[in-house]
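Below, chains carry the letters A, B, ... as their sequence lines are ordered, and counting in each starts from 1.
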Amino acid sequence: MNPAQALPALPAAPDDDHAPPPLSISERARVAAAPRASDYLAGLNPEQRQAVEATEGPVLVLAGAGTGKTRVLTTRIAHLIATGKAWPSGILAVTFTNKAAREMKERVSHLVGAAGEGMPWLGTFHAIGTKVLRRHAELVGLRSDFTILGMDDQIRLLKQVIAAEGIDEKRWPARQLASFIDGWKNRGLQPKEVPAGEAAAFANGRGLALYGAYQARLKTLNATDFGDLLLECLRLWRDNPDVLESYQQRFRYMLVDEYQDTNVAQYLWLRLLAQARKNLCCVGDDDQSIYGWRGAEVDNILRFEHDFPGATVIRLERNYRSTGHILAAASGIIAKNKDRLGKTLRTEDEAGEKVTVSGAWDSEEEARQIGEEIEALHANKERLSDVAVLVRISAQMREIEDRFVTLGLPYRVIGGPRFYERAEIRDALAYLRATAQPADDLAFERIVNLPKRGLGEAAVQCIHAHARRARVSMMQAARYLVETDEMKPAPRRSLRDLMASFDRWRAMMDRTAHNELAATILEESGYTDMWQKEKSADAAGRLENLKELVRSMEEFPDLASFLEHIALVMDANETEGQDRVSLMTLHAAKGLEFDTVFLPGWEEGLFPSQRALDENGRAGLEEERRLAHVGLTRAKRRAKIYFASNRRIHGMWNSTIPSRFVDELPEEHVEVTEAPAAYSVRGASRFETMTPFGSSYQTPGWQRAQARAAEASADPDSDIRGSGEFSEPGAFFNQGRGFGSGARPQRRSPGGRTGPQMIEGEILAKSTGAPSAYALGGRVLHLKFGPGTVAAIDGNKLTVDFDKAGRKMVLDSFVEAAS
DNA sequence: TCCTAGCGCTTTTTT
DNA sequence: AGCGCTAGGA
């Protein structure tokens, strides 16, 4: 980056079998112009170095977790540039995510200086596909200013297509069709290539017709979806050999990151480009292929040597991340997989701590244990940002978040709803699109009645009908309709105002900064007003997001390039800096690392996911196992696995058994922790573990609750798990319906003490008569709702305004005084 | 046109 | 349980 840190002279051309031919004058000049990399090869281990220097022919680098994969990729690019084998513009480097592309760009320019910034062909498959398509749009029936539809637009369009074919959208949901079409596109299949049998699965055999109709509709709209960005490239290159050849000539060297995640379409895309020069270097790890469910084809990496004869395969097995026990545990698990190329990770690091396995009674206790351990780590001067909790499914997060809120542990959820997927952002973008691209019907439709301006279903239908009849955009149709009296006066007036606004904004476009224009549009359209009037808790956050959106536009030269960027980039701009625990899914954790990793929910059915097993059998199981491997290899120094005996799934309590992966861990690298309250979990029969009072398994809920309440008052120290919140008496009688229907299973604890739970406020309220120890306006802390202020007191019943949860009536025994 | 009660669905998620 | 969507009524 910094030119001042000038780099010493190049090392001599690598002295190996693939030594380049003598350099011509122009090539020498090129080398001279390339920024010098210092001893960029020096820090590499022998395998890494081999991977960097094997520039010619197909190369597969099998890079295990934490083996320096990104380093190899970036150094390889630097090497190609520094040795004069290629200009930056002659190197194609593809990644899956924008984040990965950004990082790679950064690291390359760090190595080679400003030349790296100029790598025009470093990007995601989709970004590069877009670039190619814009240049040759007319050859595939598009104009070069085609719009890229996001998922929501895609669904909206499919709904229209389904409706147009006279199919009941409720019976055959657009979402499902979208996943069919995405699946076909992932496999590189155009409508005419889809196997007849497959398409029959949707809408009684009309799936294929719908796919065709959808594609036709996209063309009319001058639009593509994400899949098309690759598919249309394939079509372009196949139908126009001269165009293909120009790209084959251009890309002297090609690099692919995360090759195990490529789908068939991407494989075909790469193969077409690599056919001529064959300098294709794929980096990946078959043991980290976890995206099969969205079309990734592990076979691509497993078959690499077959697909690219004469390929060099290099294994990176030296792990620089994890300590010995963690690595051995991860290796032990992944070794059970059959479909793999086989690698053995090793480390020169110390053995470190063993992987721990802990059982918990239920998911709440699991969350409590994790919270406690994190607090202990924190007290021990560990940074929270070095700690992560990795879950299998997002639904697991809530309980853990609840616990963190209660404890006041700062945390951040990674990979939540993405910035650009948030409704308010999509709405704002729709306004901008409708302004900048008047033919963008989907954008227009999204905001025509947002905020509500009296243009409901009927009005939209009317515009639609006219647009279709006159074969014009909805915007044009609307323009026509305000001049006629096909519409009722009220909507007509409203529509006229809206059209006038759009005219005004469009007129501003060339003389107003685009971010200013955006602010104006959001203001004048009443959109920001809409959220300002909204009293809900997240309205403020949404307004904040809108501000952030406008601010982020500054970085782009004009509205068009901003919209282009938006269509492809879906990353949230994470605010860094604070010391927080990270909470995310295992999928989101790929590529990250933390000192300490908590892995809750290792239970059959949840992890491995029952659905993965049902739908994909052994392949599904192996993918889950890879996920376990990914989870463990995120840990640098500590990995902690948990399972609970009872977990609520879709609102119902279920008895669960530990994951088979727990038992696949190699014994000698694992330590089973003592549960804080000693109760046997493993091997306990389902009924034993869940009957609270002898045979009360079938006892009506009210009896159980009474018994529990009595016990609660008798034992103030008992483990309080209910919230103490009041509920209507009626609701109470509706809840205790026994196991599997919402009632919570009871713990059997050694001393015969049973934790009271779901305590019915009314009963407990009668059983304790002591006056409240809390004062009006006092601060209290509630186990479930967190901190709050006492608003009213009635005996032992408090009305508390919780900071997070709002106003609730709770029993004072459920709160404690807080500062 | 707007509000709300009820229904059904529910892994993982990028572009 | 929680969310989003839809239908049906005000």
Distances for protein N or O near nucleotides 1-10 of chain B N or O, under 3.5 Å:
residue : atom : partner  : partner atom : Å
B:dT1   : OP1  : A:Gly454 : O            : 2.8
B:dT1   : OP1  : A:Gly456 : N            : 2.6

Can you tell me if the side-chain N/O atoms of A:Ser394 get under 4.0 Å from OP1 or OP2 in B:dT12?
yes

Is the distance from OP1 or OP2 of B:dT14 to the nearest side-chain N or O of A:Asn98 less than 4.0 Å?
no

From A:Lys185, A:Arg156, A:Lys219, residue fulfilling salt bridge (charged side-chain N to carboxylate O under 4.0 Å, His left out) relative to A:Asp225
A:Lys185

Atom pair distance, as rounded to whole Å: [atom1] in [X] and [atom2] in [N]:
X	N	atom1	atom2	result
A:Arg156	C:dC5	CZ	P	10 Å
A:Gln266	B:dT14	CD	P	15 Å
A:Met397	B:dT11	CE	P	14 Å
A:Leu586	B:dT11	CG	P	16 Å
A:Phe607	B:dT11	CZ	C1'	12 Å
A:Phe125	B:dT13	CZ	C1'	17 Å
A:Asp182	B:dT12	CG	P	17 Å
A:Glu615	B:dT12	CD	P	13 Å

Sequence-distant partners of [X], ring-ring contact (aromatic ring centres under 6.0 Å, His included), two or more places apart:
X	result
A:Phe125	A:Phe96, A:Trp269
A:Phe594	none
A:Phe607	A:Trp602, A:Phe661
A:Trp121	A:Phe251

Pairs: protein N or O with nucleotides 7-10 of chain C N or O, under 3.5 Å:
residue : atom : partner  : partner atom : Å
C:dA7   : OP1  : A:Lys170 : NZ           : 2.3

Once you apply a heavy-atom cut-off of 4.0 Å, does A:Thr585 come out as touching a base, just sugar-phosphate, or nothing?
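Sugar-phosphate, backbone atoms only, no base.
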
Any base atoms under 4.0 Å from A:Arg392, or only sugar-phosphate, or nothing? Heavy atoms, all strands.
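Answer is base: heavy atoms of A:Arg392 come under 4.0 Å of a base.
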
Please name all residues satisfying salt bridge (charged side-chain N to carboxylate O under 4.0 Å, His left out) with A:Glu445, sequence neighbours left out, ordered by chain then number.
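So A:Glu445 forms no salt bridge (charged side-chain N to carboxylate O under 4.0 Å, His left out) with any residue.
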
With sequence neighbours excluded, what pairs up with A:Glu258 under the salt bridge (charged side-chain N to carboxylate O under 4.0 Å, His left out) test?
A:Lys69, A:Lys590

Apply side chain to side chain contact (heavy atoms under 4.5 Å, CB included) to residues A:Arg175 and A:Leu158 and explain how you reach the verdict.
CA-CA 8 Å; A:Arg175 255 174 204 296; A:Leu158 281 171; over 6 Å; no

Which residues share a side-chain contact (heavy atoms from CB on, under 4.5 Å) with A:Ile393, sequence neighbours left out
A:Ala395, A:Gln396, A:Leu606

Compare the minimum distances between each of B:dT14, B:dT12, B:dT15 and the side chain of A:Trp293, then state the nucleotide with the smallest one.
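Closest nucleotide among those given: B:dT12.
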
